[in-house]
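Structure, as structure tokens:
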Amino acid sequence: MRISGMHIDGFGGLCDFRVDDLSPGLTIVTGPNEAGKSTLLDFLTAMLFGFPSRRDNPRFRLPVRGGRHGGRLTLAEGRGGDTLGNDRQWQIERYASPRKELRIRRPDGGPGSEDDLRRVLGGADETLFRAVFGIDLTDLGNSAALTRDDVRELLFSASIVGQRRSAARAMTNLQKQRLELARLRQNDARANRLLAELDEVRRSLVEAGREAVCFPAREADVRHLEGEVSQAREDAERSDRRMRELDLLIRLCEVLERQRAAEERLSAWEKPAPIALWLEDQAREIQALRSASSGHIERASQLADLRNQRGGIEQSIQAALVLLGPDWDRDRVRSSDGWIALVDEGRRFRDVLGEREADWRTTRALAAEAETALELARPSDGDGLPGEDFAPGTGSAFEAESQARLIGELRRNLAEQRRLTAEQRATRYAADHPSGVPGRMSSTPIALLALMIVGLAVVAALAPDGPLARVLLAALAASAGCALLAVAVASRRHLARSVPGGSGNPAGASEQVAARVAELASSLGLPETPSDSDVETAAERIEAARSRERSLEEDRHRRAAAFGRHQASSESLRRAADGLGAERARFAHWKREHGLGALLSPDGVLECLSALRSAGKDLSALDRVDARIEQRRGDIMQFETRVARLAAGLSEVGGPAELLEVDPAGTLEGLCASLDEALEVRATRKSLLRTVEEASTELERSLGVGREALCLRAELEAGEVLAWNEEHERVAHDRSEARRRLEQAVRAHQDASNELRAIAGSARVSKLEQQRSALEQDLDECLRSWAVLGCARLLLERTLRRHEQERQPAVLARAGERFAKVTEGRYNCLLPSVGDDSAGREAIRVVSSSGLEMDASSLSRGSIEQLYLCLRLGLAETFAERAEALPLILDDVLVNFDPGRAASIAEALAATADRHQVLFFTCHPHLVQLVRQVAPDARVVELERI
Amino acid sequence: MEESFRCPDFRFVHAADLHLDTPFKGIGSTAPSVAERLREASLDAFDSLVDLCLERRAAFLVIAGDIYDGPERGLRAQLRFRDGLARLSAAGISSLVVHGNHDPVETGWSALNGPWPERVTVFSAGTVQAVPIEVDGITVATVQGISFAQRAEPENLARRFAQVAGPGFQVGVLHCNVQGAASGYDNYSPCTLEELQRIGLDYWALGHVHTAMILSGRADGEEPWVVYPGNLQARSPKPSERGPKGATVVHVRGGRVAGVEPVACDVVRFDLVQLDVAEVADLAALRGRLFDAAAERLASADGRSLVLGGQLLGQGEIHRDLCRPGALPELLGTLREDFSGSEPFCWWTSIDNQSRPLIDVATARAGADFAADLIALADELGRRLVSEDDALSDLSEELSEGLPGPLRQQRALEQLLESPGESVGAFVDRALALALGELDGDRA
């Protein structure tokens with residue numbers, strides 16, 4: 001691989017710097033200090049392997065003269081021997097800012113990757129490149145760069161099965177996996193954890209196994225505890241049994257004493273007195289009489305009250321009978337059970353008679369009033385006596401009315417006659433004066449006048465001056481003319497309509513009217529042709545007559561009315577008197593019928609009936625009182641009879657019978673007290689008998705039967721209560737102790753049984769065994785993996801070591817040969833260090849021509865630089881053999897060499913340039929000349945100071 | 001047998017290697033529900049054996065050693081065993097038991113204070129006992145047996161057996177290692193098949209080998225029958241533990257074995273799924289293939305639960321994914337999730353990744369680069385481990401560097417590197433594949 005061209009866009013002091021067509025051999029890049037040679041080395045490194053990650057790295061080299069930080073590099077596969085120019089060209093364009101950017105173009109034009117680039121570079125990384133291929137004076141004397149593990153590993157293990165994979169990295173990975181499995185001091189590794197768990201399981205297993213082994217002993221323990229439980233239970237039951245016996249004895253002792261006391265009292269019992277027996281025999285009667293005695297006293301008192309009550313009722317009855325009259329006695333009163341209806345009838349009579357009398361009085365008053373009115377209506381001339389004809393429309397009145405109608409008709413006919421006459425005159429005038437009718441303006445002159453006015457209007461209109469006035473005047477005149485013309489026409493038409501009989505015969509009509517007027521005047525006694533005054537005079541006279549007739553008519557009407565009322569009131573009075581009389585007769589009849597006094601007024605009747613009712617009630621009350629008196633008297637007698645019978649019995653047993661008759665209540669009270677005493681005595685005896693019986697039953701029931709019962713009975717008979725109590729306390733303590741032992745034994749037995757069952761059914765041992773087995777298996781797997789990983793790592797490590805051991809000597813031999821030539825035989829051999837591996841990797845030993853073996857660090861600076869330069873050339877050749885011939889870029893590496901050794905190194909570089917591209921940077925012209933002497937074809941690229 | 005004796009037909013059950021309450025080996029940690037089922041498996045299998053005897057109306061049951069797994073003899077196991085024999089006794093079935101190397105007579109302890117149930121015979125050590133078996137008052141068989149006194153019984157106990165006089169079928173019950181029968185078993189009470197055949201018994205009820213096998217005997221007349229019934233319940237993923245496990249029902253007609261019938265009594269079965277990863281594209285496909293294989297195995301397990309191991313073989317791209325840290329545990333977790341809650345259960349114990357990277361090792365070996373050197377070095381190491389006595393211990397010592405002391409004491413790597421399941425060569429191959437895979441890792 002070689003660099004065929006470059007373009008620096010911006011990098012340090014270089015800006016837009018371009019070099020093309022770099023040759024595959026030796027190229028001298030020369031220039032003064034600060035021309036950018038070291039910058040160029042850093043640029044090439046950055047383009048091949050990337051920019052330093054840190055900006056403060058001196059090799060980062062920010063552009064100071066502009067341009068984008070980065071540039072383009074052209075690489076060519078091979079050494080450029082292809083004369084046809086068919087070298088495969090790789091384009092690398094890399095920039096650091098403003099963002100990192102990398103573009104790789106493969107020779108076929110397609111995009112390439114960093115892996116492709118790495119493969120082109122033979123797997124070398126930046127460290128290897130700067131350690132072996134791209135060196136400056138500072139690196140040259142530093143052996144540390146060459147002895148780094150990764151550099152050496154790359155140098156010697158490159159090209160593994162064509163994949164360029166790092167053996168060291170593989171070993172690291174394997175070791176990492178191993179450390180995840182097991183570590184010396186870290187317990188989080190898998191095997192460490194498993195082992196810890198396994199230890200724990202083993203401990204638990206030992207413990208569980210111990211428990212299981214104890215099973216037979218535990219089983220024996222359980223059986224032993226079963227015996228203890230049985231013994232404790234037996235002791236407890238025995239104590240219980242004795243406790244029960246003692247409790248029974250103590251309790252029955254009391255029962256026995258009670259029995260004995262009752263029997264003792266019964267044995268001293270006396271027979272009761274006869275009166276006590278009589279009292280017990282008569283107990284119910286005595287108690288009943290004592291209970292009834294208070295009622296007896298009360299009944300006696302009630303009897304007196306009833307008697308007093310009866311006297312009062314008797315008096316009331318007598319008073320009522322007196323009021324009713326002698327016809328009434330008690331039986332009649334008792335039998336008159338219809339007094340309620342009588343009262344109603346009496347009230348009705350009272351009301352009806354009252355109404356009748358009121359009517360009569362009212363009617364009588366009205367009759368008197370009508371009489372008075374009739375007297376007042378009678379005429380003063382004595383006319384109009386009762387029976388007078390009060391018929392309306394006498395002859396004079398009718399005549400006056402007739403004349404009034406005639407006078408009216410006469411007036412209408414006279415008026416008609418006058419109208420007809422006027423029409424006849426008018427007709428005649430018209431016939432005589434056809435122009436018009438007198439008294440009316442003729443229509444003709446009006447028409448003429450109108451025509452004249454119209455004519456004047458035409459003339460005025462036609463006049464030459466004052467056109468407006470003329471027109472107005474003409475219009476006015478025309479209007480007036482037209483109006484007059486219209487009036488004339490209308491007047492004419494009116495005249496034609498106003499002539500009577502225009503179409504008939506007015507004269508005939510006038511004659512008929514005149515005849516009627518004459519007829520009417522004759523009827524009224526007036527002239528045949530009466531004047532208006534005649535007519536009016538006649539009319540006034542007729543009107544006066546009519547007025548007088550109307551006044552007379554009114555008087556007649558008033559008298560007739562007064563008479564009518566008088567007649568009606570008289571009739572009413574008669575009917576009222578008749579009604580009153582009839583009612584009084586019925587009332588009298590009713591009273592007679594019911595035995596009531598004839599003189600009794602209705603109110604008196606009602607009063608008597610009230611007394612009757614009261615008497616009836618009194619009689620009923622009297623009957624009731626009598627019945628109650630009778631009942632009380634019977635009760636008293638019954639009580640007294642029973643007392644007497646009791647007194648007789650009492651007297652037989654020598655009791656105070658006389659007192660009983662005297663003071664039955666008090667005596668009965670005393671007898672009851674005696675009875676209670678007797679009964680109590682009897683109850684006491686009965687109770688004692690029952691006590692004896694119950695005690696006997698209780699003893700039999702509690703003690704039971706059999707031998708033990710007999711023993712207990714005997715013990716009970718002995719009655720050692722004190723001893724029993726003492727024993728009771730003792731046995732109670734024993735029982736408590738026995739129970740406690742029993743509980744303990746039962747609990748222990750249960751615990752042991754449970755434990756035994758748990759052990760028998762426990763899968764703990766199996767579980768732990770299983771866990772142990774699983775953990776051991778897991779641990780075996782883990783360790784097996786550990787071993788496989790370790791073996792894999794071991795194989796890699798040994799292979800790598802063998803590579804170093806086998807190939808490093810070849811490198812050293814090649815470098816030693818070159819170093820001997822450079823030093824002109826002063827040092828003729830290089831050796832690796834002896835001792836441990838680490839020391840061997842750290843140093844090179846040099847053998848001088850005299851055979852002296854010395855450490856390289858003891859050489860002079862120039863010699864050291866020459867030695868390491870030779871070593872690097874050897875390493876580069878070795879790398880090229882197995883990987884790729886990378887370009888060598890040497891920055892002023894010859895400055896510390898003397899001319900001879902510098903020339904030798906220059907020859908070595910020229911020889912190396914046969915296989916590697918060599919870019920030789922120097923600021924020294926003599927070195928340019930020196931190199932050109934050994935490599936005349938070398939191209940010189942001159943840089944100018946920046 | 002005497003000519004006049006007419007032996008009635010009967011059947012008996014032959015079982016061995018019960019390993020009651022044994023912890024399962026080589027399956028690592030499991031889900032709690034699976035662990036519980038595994039704990040009960042050997043006991044449940046024994047219950048199945050008792051049920052089998054009752055169902056088949058067996059005349060007797062012989063158990064040829066290793067009732068318990070170790071001298072600690074789990075309490076549960078002892079009680080369960082006693083209860084099972086009590087059930088048989090109550091049904092009139094005799095039980096005849098010998099102890100083997102896992103439960104020798106002179107070691108261990110007994111939780112049972114009282115006597116064994118009636119009809120139970122536990123043969124002692126040191127002397128062969130003969131027990132007549134009667135059915136309906138007729139002696140139908142005589143069973144001889146002897147127990148191990150110690151775990152490592154070097155004596156050929158078979159030589160103590162002899163044909164006994166008297167009527168009936170003759171059975172010998174012995175825990176022994178018949179030479180050439182099977183490999184991988186401790187050579188306790190070693191004997192040969194010929195020795196057993198010469199003694200003149202009708203049936204040898206053997207125990208010790210966990211694989212069921214009939215060493216001698218055919219229904220057409222070859223006698224005697226020498227039978228290993230295998231263990232009652234598998235207890236590890238080893239090849240000998242895979243497949244159905246149970247007891248053998250022996251049918252006897254006319255005083256001769258008419259046939260033997262293996263009957264599965266196991267509860268959980270072990271199996272191995274091997275898969276070539278050459279054509280497996282990715283982990284998802286691998287998971288699918290493994291799931292299908294597991295489902296197929298589960299379907300053909302007669303309703304038993306399965307404990308499966310996976311073994312990935314061959315070369316493939318997927319090797320790199322499998323080598324990625326955490327890839328295998330993740331795959332294992334997902335496979336377990338696939339069958340989570342299934343009944344019967346299927347539990348994946350592990351995935352053994354024996355796959356190799358796609359590197360053509362033969363070509364690489366012929367090269368001259370780092371890989372060639374690596375392969376050459378691995379070949380050399382493999383050869384040394386096989387040929388040099390100290391090479392394995394040296395390597396183990398070297399690999400143990402960095403291990404905490406307790407871990408070194410826990411298990412010597414040397415034992416792990418040469419376990420029965422994997423040879424040292426395979427171990428080196430695995431390491432080489434891992435190293436090559438690591439170097440190959442960057443290519444992607």
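Just the heavy atoms: all of them, side chains too, but no hydrogens, waters or symmetry mates, feed the values below.
With chain A as partner, the option from B/L432, B/L434, B/L377 having the largest number of non-hydrogen pairs under 4.5 angstrom is B/L377. The residue among A/C782, A/G790, A/S773 with the most heavy atom pairs within less than 4.5 Å of chain B is A/S773.
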I would like to know whether B/L75 and A/V765 meet side chain to side chain contact (heavy atoms under 4.5 Å, CB included); could you show each step before the answer? CA-CA 8 Å; B/L75 178 59; A/V765 173; over 6 Å; no
With side chain to side chain contact (heavy atoms under 4.5 Å, CB included) as the criterion, how do A/L783 and B/L403 come out once you've worked through the C-alpha distance, each side chain's angles and the decisive distance to 0.1 Å? CA-CA 9 Å; A/L783 292 176; B/L403 270 183; 3.9 Å; yes
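Interface remark: A/R793 contributes no atoms to any contact with chain B (heavy atom separation under 4.5 Å). Both the backbone and the side chain of A/I759 have a heavy atom closer than 4.5 Å to some heavy atom of chain B. For B/L381, the part lying near chain A is the side chain, with the backbone staying farther off; criterion is any non-hydrogen pair under 4.5 Å. Of the atoms belonging to A/L179, not a single heavy atom falls under 4.5 Å from chain B. Both the backbone and the side chain of A/K767 come within contact range of chain B, with heavy atoms under 4.5 Å apart. Contact of B/E398 with chain A is made through the side chain alone, with heavy-atom distances under 4.5 Å.
Not counting sequence neighbours, the partners of A/R223 by the side chain to side chain contact (heavy atoms under 4.5 Å, CB included) test are A/E219, A/A220, A/E226, B/N113. Among residues two or more places apart in sequence or in another chain, the side chain to side chain donor-acceptor pair (under 3.5 Å) test is passed with B/E330 by none.
Ion pairing between a basic and an acidic side chain is recognised when a charged N comes within 4.0 Å of a carboxylate O; B/E380 and A/R798 show no such pairing.
A pairwise comparison of heavy atoms in A/N192 and B/P404 identifies ND2-CG, 3.7 Å as the closest pair. The nearest pair of heavy atoms linking B/L399 to A/W786 is O-NE1, 2.7 Å. Taking every heavy atom of both residues into account, B/A435 and A/L796 meet most closely at CB-CG, 3.9 Å.
Open room surrounds CD on B/E36; 12 or fewer heavy atoms of other groups in view lie less than 6.0 Å from it.
The main-chain N or O of B/L38 is never found under 3.5 Å from a side-chain atom of A/Q770 such that the two would form a donor-acceptor pair. A distance-only check finds no donor-acceptor pair linking the side chain of B/S29 to the backbone of A/A774 [under 3.5 Å].
Side-chain contact annotation: B/D373 with A/T799, donor-acceptor N/O pair under 3.5 Å absent.
One distance of note links CD of A/E781 with OG1 of B/T349; it measures 8.5 Å at 0.5 Å rounding. Note: A/Q771 CD to B/T30 OG1 = 9.5 Å, rounded to the nearest 0.5 Å.
Side-chain contact between A/S766 and B/R76: present, with at least one pair of heavy atoms (C-beta onward) separated by less than 4.5 Å.
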